[in-house]
Number of protein chains: 2
Amino acid sequence: MNLKKLSEILGLSQTTVSRALNGYPEVNEETRIRVQAAAAKHGYRPNSRAKGLATGRSLVIGHVIPTSSQHEMVNPIFGDFVAGAARAYAQHNYDMMFTHAPDTSIEESYRSLFNRGVVDGIVLQGPKVNEPRIPVLSRLGVPFIVHGRSTGTQVPYDWIDVNNQRSFERATQFLIDLGHRRIALINGLEEMDFAWRRRNGYLTALKKAELTPDPALLRSAEMTEIYGYQTACDILKLDDPPTAILASSIISAIGVRRALEESGLKMGRDISVIAHDDELSYMRNGQDVPIFTATRSSVRHAGELAAEMLIERINAPDDPPKSCLLEAELVVGNSTGPVRQRS
Amino acid sequence: MNLKKLSEILGLSQTTVSRALNGYPEVNEETRIRVQAAAAKHGYRPNSRAKGLATGRSLVIGHVIPTSSQHEMVNPIFGDFVAGAARAYAQHNYDMMFTHAPDTSIEESYRSLFNRGVVDGIVLQGPKVNEPRIPVLSRLGVPFIVHGRSTGTQVPYDWIDVNNQRSFERATQFLIDLGHRRIALINGLEEMDFAWRRRNGYLTALKKAELTPDPALLRSAEMTEIYGYQTACDILKLDDPPTAILASSIISAIGVRRALEESGLKMGRDISVIAHDDELSYMRNGQDVPIFTATRSSVRHAGELAAEMLIERINAPDDPPKSCLLEAELVVGNSTGPVRQRS
DNA sequence: CGTATCATTCAAAGCGCTTTGAAAATTTAA
DNA sequence: TTAAATTTTCAAAGCGCTTTGAATGATACG
């Protein structure tokens with residue numbers, strides 16, 4: 001069923017039928033009702049390709065996933081972010097599109113996606129320090145929003161981010177206040193901007209307390225469970241092991257916990273652990289009492305806000321750049337406690 | 001830059017340019033090279049809406065996510081499956097589209113997605129027992145593939161699935177062989193087909209061993225960490241607690257482990273645990289030695305195969321129905337051992 | 001040299017929709 | 001009653017591409 005057939009059935013022109021369905025005022029109310037009824041009856045759905053071709057809009061938002069980063073899409077954090085975004089898209093009648101792009105040709109991929117008219121806007125996830133994709137998108141004139149920020153990037157752009165530096169500074173400070181002096185940071189990949197900022201927050205807190213950072217306690221990698229486990233095992237073997245650990249994600253914190261338990265250490269008593277909690281749906285940080293003391297900020301909520309901001313941008317391409325900085329809460333659980341004198 | 005402009009620049013007709021770029025034989029090789037060079041130089045990208053309109057193909061695969069199931073997309077299993085699929089799509093030049101659909105109007109959503117010409121095919125994830133969406137898609141004549149199967153569905157359809165029944169029967173059998181008689185099943189939602197089959201496998205093994213299932217040991221819910229934790233806590237409080245636990249996902253198994261550790265029980269010695277391991281990228285089941293004895297099958301690989309099968313189907317709509325049944329391995333880790341006499 | 005054959009190229013129609021500018025039908029004003 | 005204003009409907013152009021059917025130029029054959 002298409003517009004032509006429908007209008008023939010109704011004995012009206014395509015123009016009138018189209019207008020009736022799209023809510024234009026210059027059509028008789030009686031006719032409109034007749035048209036709507038017929039459309040419903042015959043299950044008429046305007047072809048979105050044709051519609052897009054005619055209007056220049058696709059009502060689709062693109063998410064581009066670098067092929068190399070095998071992990072991007074598979075990352076539970078990604079899943080929650082996207083789920084939040086999907087919610088907002090649905091409300092505004094947008095669909096969501098994912099493209100894999102070989103990172104040899106990121107610029108090309110973006111240009112392609114936008115120029116081919118596939119999408120109206122793009123969400124950029126997981127920005128690195130000096131993220132090259134940002135200037136690319138900016139130059140292309142594509143409406144886009146960054147989840148996170150990119151230190152060192154000069155061009156203006158829309159973003160939404162958690163105050164990673166501040167939250168990790170606070171967490172570190174919290175541990176220092178409990179008497180901890182040797183604090184390990186099990187961080188994400190530090191080429192990623194969020195990890196870089198967290199590291200800075202951690203270092204800032206140490207500095208303020210006049211503590212010297214120990215490179216042996218600073219680790220960085222993709223935030224898997226295994227990584228948390230191995231790193232913790234590793235760190236505990238040091239001559240002078242830390243009394244507290246800061247983990248960049250609940251997932252690696254779970255690995256840390258596994259390592260601690262294997263070593264017979266009790267969290268909160270023998271060693272303190274703070275994790276960053278993105279409030280992943282499948283990995284809640286306990287129920288009433290948090291499992292881990294944590295810096296908490298819902299990545300799902302961030303996804304929802306990001307989508308809203310992007311849609312606003314699409315509707316008002318010339319507004320000045322927007323941004324949104326979310327503060328993470330510091331929630332206290334049982335995984336932290338005063339430093340314990342080593343026996 | 002569009003076809004018209006490009007052909008004007010080249011002094012050729014749109015026909016020739018189009019053919020040159022799409023590899024048709026009836027164009028002079030010399031001309032083709034000239035055209036390709038110009039296309040590259042001007043960054044020409046055919047508009048996919050227009051292309052789709054002209055060809056009737058969109059090179060997009062749709063994944064529909066019921067709005068109600070807040071968890072679908074957020075489920076790490078979903079993420080891994082989709083990552084696998086994305087890989088295959090990329091290879092065949094397909095993009096991937098997600099739509100949220102209110103479950104009040106699933107049929108409508110599918111019809112819409114396909115009839116609007118947005119997608120060439122659809123992946124149906126998380127089928128339930130007697131999944132109503134399957135006959136709907138079948139009737140619409142949309143190419144589609146089901147990840148999983150649906151007990152009770154009569155119409156033929158393409159599917160790819162793990163042999164859930166068999167793998168859980170084997171796992172249960174394995175525990176019985178170790179002397180366990182009271183075995184708990186911490187299952188997924190049993191309206192889901194996979195969970196239903198796992199339950200059957202479990203019951204079959206019990207039956208073969210002439211053991212009577214105890215309803216108190218049969219639990220079912222969304223497979224989160226918290227659920228695993230709470231259920232395990234709950235079950236351990238029974239007068240006659242189980243000596244072994246079968247968990248339907250690594251994620252809930254992690255919750256189970258947390259509960260066991262809190263109770264001071266050692267996995268593999270005091271109590272045995274087997275989990276189903278989807279080989280989630282961020283939640284590997286240990287490295288060399290598995291953390292959990294597990295039934296193992298990569299959901300990511302399944303995603304890749306599913307995508308391949310769907311693309312085949314799109315290219316050959318009239319082939320007979322295809323299916324693919326994967327067998328899960330049973331890998332033995334340290335979480336299982338012979339039953340221990342209760343003191 | 002004239003005709004048949006092949007290799008290239010082209011103009012134009014069509015995909016299904018929106019939208020412009022004009023025409024018909026109706027109402028209002030003079 | 002007629003002209004002007006308003007409401008309602010329409011034909012046709014256009015979005016950017018593919019593809020059909022015809023035309024052109026080059027080559028081969030008798």
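Using the six-membered ring where Trp is involved, A:Y89 and A:H63 have ring planes that are perpendicular, over 60° apart on the 30 and 60° scheme.
Applying the ring-ring contact (aromatic ring centres under 6.0 Å, His included) test between B:H147 and each of B:F194, B:W159, B:F81 identifies B:F81 as the sole match.
Contacts of residues 2-20 of chain A with DNA chain D (heavy atom under 4.0 Å): A:G11, A:L12, A:S13, A:T15, A:T16, A:R19.
Atom pair B:N47:CG and D:dC17:C1' shows a separation of 8 Å (rounding to whole Å applied). For the pair B:R32 CZ and C:dT9 P, the interatomic distance rounds to 10 Å; values are reported in whole Å. Taking atom CD of residue A:E29 and atom C1' of nucleotide D:dT7, one finds them 13 Å apart after rounding to whole Å. Between A:R57 atom CZ and C:dT19 atom P there is a gap of 11 Å when expressed in whole angstrom units. Atom P of nucleotide C:dC15 and atom CG of A:L53 are separated by 14 Å, given to the nearest angstrom. Distance OH (B:Y24) to C1' (C:dC10): 16 Å, rounded to an integer number of Å.
OP1 and OP2 of C:dG16 both lie 4.0 Å or more from every side-chain N or O belonging to A:K51. Distances shown here put a side-chain N or O of B:N22 below 4.0 Å from the OP1 or OP2 atom of D:dT18. At C:dT9, one or more side-chain N or O atoms of B:T31 fall inside 4.0 Å of OP1 or OP2 (strictly under the cut-off). Between B:Y44 and the phosphate of D:dC17, there is a side-chain N or O to OP1/OP2 separation shorter than 4.0 Å.
Look at B:K5 and B:E8 and you find no salt bridge, because none of the NZ, NE, NH1 or NH2 atoms lies under 4.0 Å from a carboxylate O.
Taking CG of B:D278 as the reference point, atom CZ of B:R300 lies at 13.0 Å (rounded to 0.5 Å). Between atom CZ of residue A:F144 and atom CZ of residue A:F114 there is a gap of 11.5 Å, rounded to the nearest 0.5 Å. Interatomic distance, CZ of B:R45 versus CG of A:N115, reported as 9.0 Å (0.5 Å rounding).
The residue among A:M1 and A:E26 whose nearest nucleotide of DNA chain C lies closer to the 5′ end is A:M1.
Between the side chains of A:S150 and A:D193, not a single donor N or O lies within less than 3.5 Å of an accepting N or O.
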